A.B. asks: 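This is the structure I have questions about; it appears just below.
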Amino acid sequence: MRVLVLGSGQLARMMSLAGAPLNIELSAYDVTNGNIVHPLTQTVLGSGLDNAIANADVITAEFEHIPHPILDICEQSGKFLPTTEAIKAGGDRRLEKALLDNAGVRNAKYAVINSREDFDVAIEHVGIPMVLKSALGGYDGKGQWRLKDLADVENIWAQMADCIASSDNQAIVAEEFVPFQREVSLVGARGRDGSIAVYPLAENVHTEGVLSLSTAIADQELQAQAQQMFTSVAESLNYVGVLALEFFDLNGQLVVNEIAPRVHNSGHWTQQGAETCQFENHLRAVCNLPLGSTQLIRETAMINILGEDTLPNELLAMDGVHIHWYGKEKRTGRKMGHINVCSDYSGELQRRLSALADVLDKTAFPALAKFAR
Ligand code: ATP
Ligand code: MG
């Protein structure tokens with residue numbers, strides 16, 4: 001099978017690695033320059049999307065911020081999965097909120113803001129504190145404001161007005177602030193035959209708006225809630241592939257924060273911790289192959305490597321530690337790779353995280369601070 005991926009970042013790279021043993025060959029469309037590249041080496045394989053589409057058996061995506069005309073061309077080929085509707089919703093918070101309402105899953109109360117008057121209506125409807133997010137282009141907590149005090153309305157409006165004016169079709173989505181205890185996410189796959197396989201929930205820690213630590217957890221009650229919401233969303237979209245749902249855990253009730261119509265950073269732990277990793281399951285789903293088991297095989301946590309391009313070699317000698325680099329050029333705060341830490345027996349994961357915390361720089365890996373001895 002030949003799969004063309006829209007986007008050529010680390011997610012396409014890891015899909016490529018996972019596809020190789022199944023003889024699934026990947027090429028990637030670099031949205032920034034229109035080149036078709038090898039997702040592992042970034043070697044240019046050709047140019048021209050039309051050729052690449054003609055040569056592919058299946059087309060999929062590794063991120064949601066894809067120009068709609070490109071999605072439409074892919075859609076017309078009849079080869080695109082999950083669905084262009086899901087990708088568009090993942091890239092536009094207005095569509096995303098409508099989709100969540102339509103699927104009947106709990107999400108934060110919201111209002112769409114296009115003008116100063118809309119802002120007043122939103123304050124009335126949503127209440128403060130509120131979280132304000134750009135409808136288009138947001139990621140890693142970028143393009144967000146918090147309104148806690150009415151005295152800040154004009155200042156925040158000035159910034160939001162600039163944002164709205166900065167690009168076509170931009171708007172702001174105002175959301176009620178959810179006073180959650182923790183954040184969790186569910187990654188799962190839906191096959192072409194409608195079969196669904198979800199992974200155990202992951203508990204996620206963000207540092208300055210960016211995911212820093214993700215740990216697979218066992219919580220039957222939350223898992224059942226999450227799985228039900230996953231099924232509602234996936235079925236309402238007739239989704240095929242891996243889909244991630246991010247949740248707030250509010251007193252044991254899950255509230256969906258957002259969806260990601262693709263493999264997700266909070267599912268990277270599955271490379272070492274699950275029977276079949278999320279990348280392989282995405283490819284299995286879109287290639288119409290049976291889904292692989294999503295069962296946890298050992299307790300695993302994932303730590304993002306942000307803005308660093310070297311790690312002490314001694315990490316490679318530590319039991320249960322696996323490094324995954326993305327081959328990217330170093331830039332402050334950039335997702336450069338991740339470390340999966342696995343345990344072979346109960347209680348061992350904390351000890352291994354503590355051992356890592358001893359070796360790694362505390363400022364570069366703030367999420368590990370709580371494990372330091
Ligand atoms: P990413 O793409 O990295 O997931 P993002 O830019 O799409 O991030 P969100 O996930 O919507 O943004 O928000 C980033 C973080 O801000 C959330 O993980 C959460 O910690 C906080 N947050 C977002 N919305 C709310 C809310 N309504 N109430 C409370 N906290 C929120
Ligand atoms: Mg998020």
Side-chain angles (χ1 to χ4, degrees), residues 7 9-11 61-66 86-101 105-113 122-123 125-148 156 160 163 170-187 201-215 226 229 233 242-251 253-268 278 302-307 333-336 338 366-367:
Q10 68 264 24
L11 301 178
E62 63 135 31
F63 81 140
E64 50 275 29
H65 301 298
I66 298 166
I87 303 292
K88 287 175 183 174
D92 184 333
R93 293 192 197 274
R94 288 163 292 197
L95 301 175
E96 183 179 30
K97 288 297 243 177
L99 183 159
L100 294 173
D101 287 345
V105 298
R106 197 179 303 114
N107 64 94
K109 197 172 7 163
Y110 73 103
V112 177
I113 300 176
I123 292 168
H125 174 67
V126 172
I128 56 170
M130 68 162 69
V131 181
L132 297 138
K133 306 177 180 181
S134 63
L136 305 174
Y139 68 98
D140 289 346
K142 292 181 176 63
Q144 295 197 9
W145 300 265
R146 303 282 154 105
L147 178 66
K148 296 182 186 139
I156 291 179
M160 293 194 324
C163 174
Q170 183 62 286
I172 306 293
V173 174
E175 267 178 30
E176 71 179 312
F177 179 84
V178 180
F180 59 83
Q181 282 80 44
R182 60 175 176 173
E183 292 184 84
V184 298
S185 58
L186 189 77
V187 173
L201 281 167
E203 180 172 345
N204 303 320
V205 176
H206 294 84
T207 307
E208 289 170 19
V210 184
L211 183 69
S212 49
L213 174 71
S214 215
T215 312
M229 294 195 212
V233 173
V242 163
L243 166 74
L245 264 57
E246 294 181 14
F247 303 98
F248 302 126
D249 176 358
L250 181 65
N251 308 317
Q253 292 274 314
L254 293 184
V255 178
V256 175
N257 170 27
E258 59 174 356
I259 66 160
R262 53 173 166 80
V263 290
H264 192 252
N265 197 169
S266 71
H268 292 1
Q278 62 164 347
M302 186 247 21
I303 299 144
N304 266 341
I305 306 169
L306 303 168
R334 192 176 200 191
K335 287 180 180 168
M336 300 293 290
H338 65 271

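Since we're looking at a predicted model, the values are computed, not measured. Both counts, for ligands and for their atoms, begin at 1 and track the order of listing.
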A.B. asks: Please confirm whether K109 comes under 4.0 Å of ligand 1, counting heavy atoms of the residue only.
C.D. replies: no
A.B. asks: Using heavy-atom distances, let me know which of K142, E183, E175, K133 sits nearest atom 23 (C) of ligand 1.
C.D. replies: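 Among K142, E183, E175, K133, the closest heavy atom to atom 23 (C) of ligand 1 belongs to K133.
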A.B. asks: Can you tell me how far the CG atom of L132 sits from the OH atom of Y110, to the nearest 0.5 Å?
C.D. replies: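 If we round to the nearest 0.5 Å, L132:CG and Y110:OH are 15.0 Å apart.
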A.B. asks: If you compare all heavy atoms of L306 against all heavy atoms of G333, which two are closest, and at what distance to 0.1 Å?
C.D. replies: CD2-O, 3.9 Å
A.B. asks: For N304 and S212, test the side chains for any donor-to-acceptor distance below 3.5 angstrom and give the result as yes or no.
C.D. replies: no
A.B. asks: Flag yes if more than 12 heavy atoms outside E208 fall under 6.0 Å of its CD atom; otherwise flag no.
C.D. replies: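 Open: at most 12 neighbouring heavy atoms sit under 6.0 Å from CD of E208.
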A.B. asks: Between H338 and Q10, is there a side-chain donor-acceptor contact under 3.5 Å, judged purely by atom types and distance?
C.D. replies: no
A.B. asks: Specify side chain, backbone, both or neither for H206, according to which of its non-hydrogen atoms lie closer than 4.0 Å to ligand 1.
C.D. replies: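 Answer for H206: side chain.
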A.B. asks: Which is it for L211 and ligand 1 at heavy atoms under 4.0 Å: side chain, backbone, both or neither?
C.D. replies: neither
A.B. asks: Is H264 close to ligand 1, meaning an N/O of one under 3.5 Å from an N/O of the other?
C.D. replies: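 No.
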A.B. asks: Among all the protein's heavy atoms, is there at least one whose distance to atom 15 (C) of ligand 1 comes out below 4.0 Å?
C.D. replies: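 No.
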A.B. asks: Quick one: does ligand 1 sit under 4.0 Å from the side chain of R182, the backbone, both or neither, non-hydrogen atoms only?
C.D. replies: neither
A.B. asks: Side chain, backbone, both or neither: which part of R146 has a heavy atom under 4.0 Å from ligand 1?
C.D. replies: side chain
A.B. asks: Quick one: does M130 get within less than 4.0 Å of ligand 1, heavy atoms only?
C.D. replies: no
A.B. asks: Starting at CD of E175, measure out to CG of N257 and round the result to the nearest 0.5 Å.
C.D. replies: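 Reported to 0.5 Å precision, the distance equals 6.0 Å.
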A.B. asks: Do ligand 1 and F180 have nitrogen or oxygen atoms that lie under 3.5 Å from each other?
C.D. replies: no
A.B. asks: Using a strict cut-off of 2.8 Å, how many protein N/O/S atoms surround the Mg ion (ligand 2)?
C.D. replies: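 Count of protein N, O, S atoms less than 2.8 Å from the Mg ion (ligand 2): 2.
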A.B. asks: Please list, chain by chain and in numerical order, all residues satisfying side chain to side chain donor-acceptor pair (under 3.5 Å) with N107, sequence neighbours excluded.
C.D. replies: K97, D101
A.B. asks: Test of understanding: with salt bridge (charged side-chain N to carboxylate O under 4.0 Å, His left out), list the residues that count as partners of E183, not counting sequence neighbours.
C.D. replies: none
A.B. asks: Can you sort out the partners of T215 under side chain to side chain donor-acceptor pair (under 3.5 Å), two or more places apart, ordered by chain and number?
C.D. replies: none
